[in-house]
Structure formats: structure tokens, C-alpha cells
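Protein chains get the first letters and strands the later ones, always in sequence-line order, with residue 1 at the start of each. This one's a predicted model, so the numbers in the text were calculated from it and none came from an experiment.
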Amino acid sequence: MTENPSPVYPRRGTADERRIPASPRFPRIEDEVLGYWAEDGTFQASIESRPAGESEYVFYDGPPFANGLPHYGHLLTGYVKDLVARYQTQRGRRVERRFGWDTHGLPAELEAMKQLGMTDKAEIEAMGIDKFNDACRASVLKYTREWEEYVTRQARWVDFENDYKTLNVEYMESVIWAFKQLHEKGLTYQGFRVLPYCWKDETPLSNHELRMDDDVYKDRQDPSVTVAFPITGGGADARVGRELAGVNLLAWTTTPWTLPTNFSVAVGPEIEYVVVEAPKDGPLPGKHLLAADLLGAYAKDLGFAAAEDAEAAVVARYRGTELAGLEYQPLWGYYADVSRWGTQNAFRVLVEDYVTTTDGTGLVHQASAYGEEDQRSSEEAGIPVILSVDEGARFLPMFAEPLGDGTAPLADIAGKQVFEANRDIINRLKADGRLVREQSYVHSYPHCWRCRTPLIYKAVTSWYVAVTQFKDRMLEINEQINWIPGNVKHGQFGKWLEGARDWSISRNRYWGSPIPVWVSDDPAYPRTEVYGSLEELKEAFGDYPRNADGEPDLHRPWIDRLTRPNPDDPTGRSTMRRVEDVLDVWFDSGSMQFAQVHYPFENKDWFDSHHPADFIVEYIGQTRGWFYTMHILATALFDRPAFTNVISHGIVLGSDGQKMSKSLRNYPDVTEVLDRDGSDAMRWFLMASPILRGGNLVVTEEGIREGVRQVLLPMWNAWHFFALYANTARGGQGYQAKPVRGQDVDNPLDRYILAATGDLVREATAALDAYDVSSACEALRAYSETLTNWYIRRSRQRFYDEDTAAYDVLYTALETFTRVAAPLLPLISEEIWRGLTGGRSVHLADWPEPDDYLKDERAVELMELTRTIASAGSALRKQAGRRVRLPLRRMTAVVPGAEALRGTYQQIIADELNLKEVELLEAAGVDPAGWGIGQRLAVNARAAGPRLGKQVQQAIKGAKTGDWSVQDGVVTAGGIELQEGEYALETVAEAAQEGMELTVLPGGGFLALDTTVTPELEAEGLARDTVRAIQSVRKALDLDVSDRIEVEIAGAPEALAAAEAHAGLVKTETLALTLRPAESLLGDDVQGAEVGEGLGISLRVVRA
RNA sequence: GGGCGUAUAGCUCAGGCGGUUAGAGCGUCACACUGAUAAUGUGAAGGUCCCAGGUUCAAGUCCUGGUACGCCCA
């Protein structure tokens, strides 16, 4: 081998021109490939080289939110997005990739408030909405540069130039268009929604604000009360109403302050309730109704001495469903005026699934304005939402006003904050004889994350999309979507759709797309207007909404400034004003499918033929987020899905299996990993993992290194090996390899690897077409193993011998491998592919066609059998305690179709196992018993069980203990005759002859290894040990592979004799010009070694 | 508090319709092999299949109850 000053390979390279390092630094190579792409414009070329139109592959970017730095979750989805797009491009599709920025919403506002040092909405109003929104805009675009760097470094190709931002006026125009469409279809309405509410800041909070800090939830002590409601009659079943008239419903609550607005009592449908007659001399004489399970807990309160006494006093039993519609006497008369309050359906028993018997009485007091369940169930029952407190959670003045009978039972609470009013209300209950029990109750209770005030739940007005109206259609359309993993379709997503509720889309905030609804400011002259475009606004208000720079802008406060006289008001005094709310940011995200192309104002034709998207990906939690809102809007607006294929992946966890946490530092730093192992290593680690099949993934450095070891290094080493020999061929001239199809190839190893290459293409294509990324990775991993640890290892000699057929085959294998690996290892594949072919980019190359490769199942099968025999033979050597360097006389392989292994396969086995002879015998012609191969009976319990019943256990026992026989073809085990199919006879190695080791092969047949060691074999073994010892010394001396040496050897006489007897072998193997025995060797340059069974030798090796 | 999900080797996870010796990868240990390779090969150790009942000839698998953890919603 001679160094070639101008080698053939790499033909093109980005890293370190003209040299292929044996130990590559992948991150450095990656950097250079990234630089090459930037310079070459490869990404643009990969899009432009594919035709537009029908063959476009439509991909939507997810909803990343840019006011934070990217993390592992983004990294993961980014890799999936990129690899699918690269794959489809190689398959000939044109894949436009626009980056999307989600910019609106509460997170942006909170970040801006933090930066401005604000804690509540009053401060925002004081500052001015325009200035506040400027701050929001700056905060959401703060990290765009970091994002770009991050995305570029992960080798993700995406268009930042032609991106979309939800804050652009075009985008927002499409959003209000969508709202108007929904409105015209009758799918929007205004209603109440119960939200956590901070009465100090006088603002509702979103549920997500409850998770703002860990200490939002704190234990709090509240009074819990049980109240008696006398039944007056009614009932879905009038008989029950009559029976129960006069009986007290005992209802429980932890919020006594909501009792003035008690409008219903809920019972659980399956819960058993009892009527119990309390002792006449007790605190609460009369009959009471409560859940049977909880009677004991109330026995004392009702005047019983013990639970058993209460049990004995039960006079009737009912199931919850029987109690539906029972009417009861309200606590106080404040809301008794039906014409004023609309309470004609109130003060009755409702049946609700959510009621349990873990606390209280099994009957729950409901106030429609102060609980989500309460509000929903009241709405279904036709009970209105009525607020009893003002913005500061103080009771309204009306409580001080006398009722029809001239009394004002709750006069004390008027103007009092709700928690302070609890005491007054409880005292009143006691005075009225309605209080059954009072108890303090410690529970985890949410507090305002800003001011630490305990929150209340309170109804606020909100706009809704009437999802329940078209829920069934959403379910039908879901059938057209291919979910990965498949169980999400009817599982998490399908179930979520089935339980879909109306979607609350308004937020009483500042930074978002506006709700394009204008209403009259005088209820006496009601009017509502909805606008769906800038032109409509201009027509109605005379101009576009314009910001400080005079640009059309749909943000607050500019849009709020559009007002006009109410045309329905003859007095001309009322004004049309926009409702203050902005849209939930999820409405923006769900609109990206059309808003990113400013549909329908632009790109109408394009959209009509390129929606739904072919593919999207996000984490599984988006079944309630992006996946859901996209699906709602696509169904409502277009009556079709928004996407046809979707991967919903699992969660990325820290190295300790917990959620990733910055403070715990329980995950490897992304930048560190990218700098040390590289992006391809990270990509491989994430893509090969179960996370894309819905599982969770623990991120560890070892896991990432594992990917480097499993594919990146083998791939690189194969390339390095190929180039090494191709460059030194023909006396240093080099050899340029050419692709082969393989039909005319006859070397079995060549046929094997070419056929395996075709199989790789087939498997990877099938996997990626099914979006089964981890299977594609597995196929690549298995192939790289075969290529390096079998094909190349077994073909080494042919490369030494300059067999150019082998060069061509390895070239073909590697070139194909890099094309298949390109989506999964885009950087390193690029470097190798360009080095091999001299082409512009592997990402511009077409995906390989499986039919271009040799198809030879027989060659694969025979080689697999060869590998099986080699590996079983290896185990035999271990069993016999015969090291591999010690040659053995013979191994006999008894297999079906043995003849086909003759020749190369036989040679490979002999070589692998260091055998003088491999004897092949046809299994059909050999009596296994003669070789000590016996049989074992296995009962097929599944087949025999149903027929034999209990006896099958006896037969199994017989088979296990050897109590079985075969006579005239009839198998009997444990005295039970078994029928055909109820048993299987398996071969098992039993008694090997002396000097023989036996093993049964997994696919049938067996091996017999002759373990006899003759002096000749022993000597050769020692000689080979000596070779190994000399090679170690060469390595230790850091000699070049082609350096010639001179060797002196001393030590055990048997070892010296063996070395001498096999001097030829020793010298050729070690490139030794001389091999001189010596009496003894001394000096610093002498190395000791051990050969055979503990024989010592000394060696002196010098360069010749 | 409600809904959904999970629980199998040290770790991550497979285990059709129930079938009798519960598997894989990684990790650990031993041995072998190695001049493209940061490797590789062979083997071993490692299990209360979360717990308690039940159904069945037979339960990791089905049923009931419980426990722990996760996600979503309150």
C-alpha cells in the first residue's frame, strides 16, 4: 500500500479536502456541510428542482411560540418535520416549508408585563394599550434570531424568509374572516363561562395561570356546611314527589357564600339515597334524605347515638335517578320573582354524573354562576346564570333591600366581600333552622399568582364556537385522518371529540386578534354587527383601522377606535362599539391552515387544491390544542380535515425519568451535545426512539452516544475503508468504482449484500411511507451492522487483493445506504455521498428504486444460515473451552439443503471458526440419534386443553418429567394419548460422544464439533497466539500498517518450537522479515506475552 | 374532586383470542476475537409480571377492589 498524493476519493468533500479522517469529528464535518449548503443554495434547489402543482407535498409548521428559547420538544418535532420533508423531496415531491410564528396570547402578555414590572390590568390600561402591545410585539420577536440559529444548527431546512406571523395584518384578516364565517353559519354565540377570578385585581384568570407557580395552590381552611332543603313536591315521577314531600334534602358545600344563589341540588344517578327519620327529641326532628353511604357520618348531627341507630331509622330508599325534578323550598326569597329573574326552572333536584359520595352528603348545592359544573348543568336545565356579587366580590346592595314580605334576611352581607360574608350566612342558616352541620375544611385552594389573593370561581361573559352542533361531523371527518400512532384516532383524540364541549374563544385581554363584533352601547336599541375583512370595515367606518404609523392594523387599540352611530337608534345617540375581547390564541393557531396564505383574500385556487395538509406533527397533548382547533375550523369552514397524516409523539423526559427541569439540570445541555456529538447523532437518538410511537423518552448522554456507535461510526468507517483501498489500488493510481445492479455478480457475499441493500430500500420505503420512523431507523441500523460486521469483515482479503468487483459492490452499497439514510442523517450522509459520487447533494438525488437491486432470496437465506452456523459454532467452542486461535480438526453441520453451502459458505464457516474442515451432511440422510441428538415432547396446551380439560395438566407433567412415549405414531404423555397437533417433537442435544460437542440449530439441524486437540493443532494455535502477541507489540510501537519488522523471540520451548514450525505463517501475518529464536531477551524494548495455556514468551520487535 | 392512561429484569420497553421454561435493547460480569472500526462475537447473572381477592383444567393476560405514578380537566 502506498500513499497516493492525489487520491480518487473523496471525489467532492466539504470537510478537510482530500483526506478522510479515520476518527472523524462529526460536529466539525457537520459545520462544514452546513456552510456548503448555505453557499450552494441546496435547500432552495431541492424545492425548485421538483415540479409545482399536483405533486406538491403540503406540510404545516407547528405552532412554536417564540418568546422563549427552543427546548428539546421543539428539537424533536423539528427533526420529524425535516426528515419527512427531505424524504418526500427525494421521492420527487415539492415540499414548501414555511416557518410559522405564534405571536399572540397571554404568555406574550405575561412576559411583557414581567419586563415592564407590572402586576395587573389596571397598570396596562394606565400605560395605554398601544404601548403595552408594542412591548408584547417586541417580546415575542425577541428570540427569533436564536430560533433561526438553533433550527439551522439542527440541519432543519425551513424557509425563514417566506415565513408567517400571526401578528401580520394579512394573517389577522383571515382570522376575522373565519370568525365571520362561523357567525354566519350560526356557530358562534355569547354566553357565560366560569373562570378563576381574582377579586383584588378584578380580572378573570385563564386556567393556565393557575399553574404559573408552584405555590399558587396552598392549603386553606374554609367552613363547609350542610344545609336542609325541604321538598315541596314535583318530581319526574309524581309518586316520588308525593312520598317525599316534607322530607329535607341535606346538601353540602364548601362555599357558603354561594348559598344565596342556590338554584339547584345535584344528585348522582347511581348513588343510593335513604330517607331517615330523626329522633323527635334530637336537634333536627323530621325526615331527611342523603346518600346511604354517608348516613353514618351524619348520625350524630341528626341526633342518633350511633351509626347503627341511624341505619335502623331508615324508612325508604331511592336511586339518584328517581329523585330527578323534585322541587324544594329555597333558602331565602331573593330570587323568587320568576318574571324578574327567570328562575321558573330553579329550586329543583338535577341528576349529575359528577356527584360522588367521597365527601358531604351525596347531594351537592349548585349555584349557576360559581362553578363550572354548576353552570353547565344549570344551562341544560334552563336555569339562568345570576351573579350576586360585584367586580370586587362584594355582595350587591339588593341584599339589603326588603323582600315582598318586608324582611331582608341577609341584609348584613350587602357590600361585604364573599369570604367575610360566610359567617353572616351561616348564622342566618342557624337561625332559620336550616343548618345541619358546620365544619371547617382544609383543602388545597388556588391563589392569584400575582397578588396571592385566594381566588373565587365566577361566571364571566364569553364568546363560544358551538362545537357541539357539528361534533358528529368532526367525528366522521376524523375517520379520514391517518394517526400515528394509530390508537390516538379513536383513543385520545376520538374520545376527546366525543366529549367535545363548546369552545370558549374570547379573552378579556389586549394582545391578540380582535373579536370582530360591534354592538350598540345602549341596550334599548340593540344591534350587533360582524365584520370579516378590512374592506368591510372600511366600508362601514370610512377607513381601515390604522396604527400610529398609519398602517392598516387590526390590533387593539386601533380597531377599538372604529365606532359609528347605531343605525337602529332613531335618537342617534347610541354608538356601535367593538366588544373588548380578543380571540383565544388557539383560534389563531387553528387558523394557520388558511391564514398563512391570506386565504380567501389571496391564493384561493392554490388553497382549494392544497388543503388539507399531507402531514403535521406535534406532541400528544395537542389533541386538545392545535390538532383540535385545526380540526374544528377545518370541519366548520370547509367540511374536510385539516391534515391527512399526523404524528403525535410522546414527551421528552430528563435523564432521571422526570419532567425536564432547568433547575434540576436533569438533561444534557443541547448546545453541548450538538458541539460534542453533532446534530445527526441527536437526530438519530430522537428518531430511533419509541417517542414517535407515542412512548416517552428519557434523554441521556449515553443514549445519544449509542446512536453514534450504532450507525454513524460504522457508516463512516465503511466509507473510510472503501476510500483507503480504492485510493491505493493499482499501485497507488487508485480505482474509481462504478455502481452495479448485480445480476451478473456471482460471489455469494456480493450477492448477499446487494440483495440486502434492495431489502433495505424496500423496508425503509415502506416504513417511511407509513410515517413509521423508528422502523426505518431499525432497518438502517441492522443493515449497517451487516455491511460492516459481515460483508466488509469477510471481504477484507478481496480488498487487499484489489478485487475491483468487491470495490464496485461496496460502492453501490454505500451509495445506496447514504441515500436511504439522508433524511435521518442528513449531514454525514451528505458528506459521504458527495465524497463517493462527486455529486452536488444527496438531498437532490432521487430515493433509490428497490427493483434496481439484485433480488436473490436464496443468497440471503444461505448467508443467514451461514451466520447462524458460525454463531452456534462459536458457542460450541466456548462450551468446549477451545479458544478460537486454536485450530480444530473438524465440525460437522447437519442441515437441510446442506449441499447448497458447499464452497464459499463452507469456507466462510471454516475461516470464522478456525477449522481445518467443515463437513456438510444432508439432514434427511442422517439419523440424529446416532449423533446423540434426542427428542423432547412439548404439549400444545392451547390445542389439547379444550379437549382434555383437567387431564391436560397431567400430560404436561408427563412431557416435562420424561414420562412419555411414541408407539406406532401414537404419542402418549403422562398416560394420556395426544392427538395430532396437540404436541410437538423437538430435537435436543443429549449425549455427545467423547471429544465432541453438540448443539441444535434454531432453524433445524445440528452441529457436531470435534474438540480433539493434536500436538500439530496445539502448535499451530501457539503460533497464532504468537502472531497476536507480535501484532500487539506492533500496535504498541505505533508502527504503520505496512512497516516491515524484525522479531526476536524467547521463552517456553513449546512456544518457540511452534513458532519455528509455523515461521512462514508468523512472518507473513506480521510482515516480519526475520524471526529469530533467542536464549533469553532482556532490555527495555522487550515485551512479555502469554500464549497457549499460560506459556510465557518475550519478544523484541524492531522496524526493519 | 372527575376523566383517561401506565405499572413486567438495574434502565427503556415488547408480550394476538388466557396455554404452563415471560422476551428484546441498553447496562453489569466472564471469556473470546481484533491492524478500516470508537468495534465485534459467545455466554452468564438478573423477575413477588404493583398488591389482595375472584373466574378457569390453565392468569403477566380476563373480572372486582385497592395502591402508586403520569397526562388532561376542575
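- Using a 4.5 Å heavy-atom threshold, the side chains of A:S377 and A:Q366 count as touching.
- OP1 or OP2 of B:G35 sits under 4.0 Å from a side-chain N or O of A:R1028.
- Checking B:G5 for Watson-Crick or G-U wobble geometry (two distances, each under 3.5 Å) identifies B:C69 as its partner.
- For the pair A:K458 and A:V194, the minimum side-chain heavy-atom distance is 4.5 Å or more.
- The base of B:U20 sits within donor-acceptor range of the side chain of A:Q953, with an N or O pair under 3.5 Å.
- Taking the six-membered ring where tryptophan is involved, the planes of A:W716 and A:F26 are perpendicular, since the angle between them exceeds 60° and thus also 30°.
- One can place CG of A:L876 at 18 Å from P of B:G41, the figure rounded to the nearest angstrom.
- Nucleotide B:U64: paired with B:A52 (Watson-Crick or G-U wobble, both distances less than 3.5 Å).
- Counting non-hydrogen atoms under 4.0 angstrom, A:E785 reaches the backbone sugars and phosphates but no base.
- Of the listed residues (A:R867, A:R877, A:R794), just one forms a salt bridge (charged side-chain N to carboxylate O under 4.0 Å, His left out) with A:E912, and that residue is A:R794.
- Residue A:R1034 is classed as a base contact, given a heavy-atom separation below 4.0 Å to a base.
- Side-chain contact of A:D502 with A:T468: a donor-acceptor pair under 3.5 Å is present, judged by distance alone.
- In this structure, A:Q951 and A:R796 both approach RNA chain B, and ranking their closest nucleotides by distance from the 5' end singles out A:R796.
- Checked by atom type, the side-chain pair A:S462/A:S504 shows a donor-acceptor distance below 3.5 Å.
- Remark: A:Y800 is in phosphate contact with B:A36, judged by side-chain N or O atoms under 4.0 Å from OP1 or OP2.
- Within the nucleic acid shown, A:R877 has no heavy atom closer than 4.0 Å to any nucleic acid atom.
- If you measure from atom NZ of A:K878 to atom C1' of B:A44, you get 8 Å, rounded to the nearest angstrom.
- Distance noted for atom P between B:G43 and B:A24: 11 Å (whole Å).
- Residues A:A943 and A:A875 each lie close to RNA chain B; by heavy-atom proximity, the contact nearer the 5' end of the strand is made by A:A943.
- Residue A:R885 has a polar side-chain atom (N or O) positioned under 4.0 Å from OP1 or OP2 of B:U34.
- Counting only heavy atoms from C-beta on, A:L724 has its side chain closest to B:A36 among B:G41, B:A36, B:A32.
- Base orientation for B:G16: syn, the chi torsion being within 90° of 0.
- B:G18 and B:C62 have their C1' atoms separated by 7 Å, with the value rounded to a whole Å.
- Taking atom CZ of A:R794 as the reference point, atom C1' of B:C33 lies 12 Å away to the nearest angstrom.
- With both pairing distances under 3.5 Å, B:C57 is matched to B:G19 as a Watson-Crick or G-U wobble pair.
- Going from the C1' atom of B:U21 to that of B:G60 covers 15 Å, rounded to whole Å.
- Here B:C33 presents its P atom at 15 Å from CG of A:D911, a figure rounded to the nearest Å.
- For A:F722 and A:F799, the gap between ring centers reaches or exceeds 6.0 Å.
- Looking at heavy-atom distances under 4.0 Å, A:S871 makes contact with sugar-phosphate atoms alone, never a base.
- Nucleic acid contact class of A:V884 (heavy atoms, under 4.0 Å, all strands): sugar-phosphate only.
- Following rounding to the nearest Å, A:R793 (CZ) and B:G35 (P) show an atom-to-atom distance of 12 Å.
- The separation between A:R705 atom CZ and B:A38 atom P is 12 Å, rounded to whole Å.
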Give the intermediate values and the outcome of ring-ring contact (aromatic ring centres under 6.0 Å, His included) for residues A:F493 and A:F627.
CA-CA 9 Å; A:F493 193 66; A:F627 298 148; 7.1 Å; no
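- Base-pair partner of B:A24: B:U12 (Watson-Crick or G-U wobble, both distances under 3.5 Å).
- Across all strands shown, A:R867 has no heavy atoms under 4.0 Å from either base or sugar-phosphate atoms.
- With both pairing distances under 3.5 Å, B:U42 is matched to B:A30 as a Watson-Crick or G-U wobble pair.
- Atom OH of A:Y457 is separated from atom C1' of B:G1 by 11 Å (rounded to the nearest Å).
- Nucleic acid contact class of A:P946 (heavy atoms, under 4.0 Å, all strands): base.
- Base pairing analysis places B:G35 opposite nothing; no Watson-Crick or G-U wobble pair with both distances below 3.5 Å involves it.
- Atom name C1', nucleotides B:A59 and B:A68: the rounded distance is 23 Å, in whole Å.
- Atom-to-atom, CZ of A:R942 to P of B:U56 comes out at 20 Å; the value is rounded to the nearest Å.
- Among the protein residues, A:L948 comes within range of no part of the nucleic acid, since none of its heavy atoms lies under 4.0 Å from any strand.
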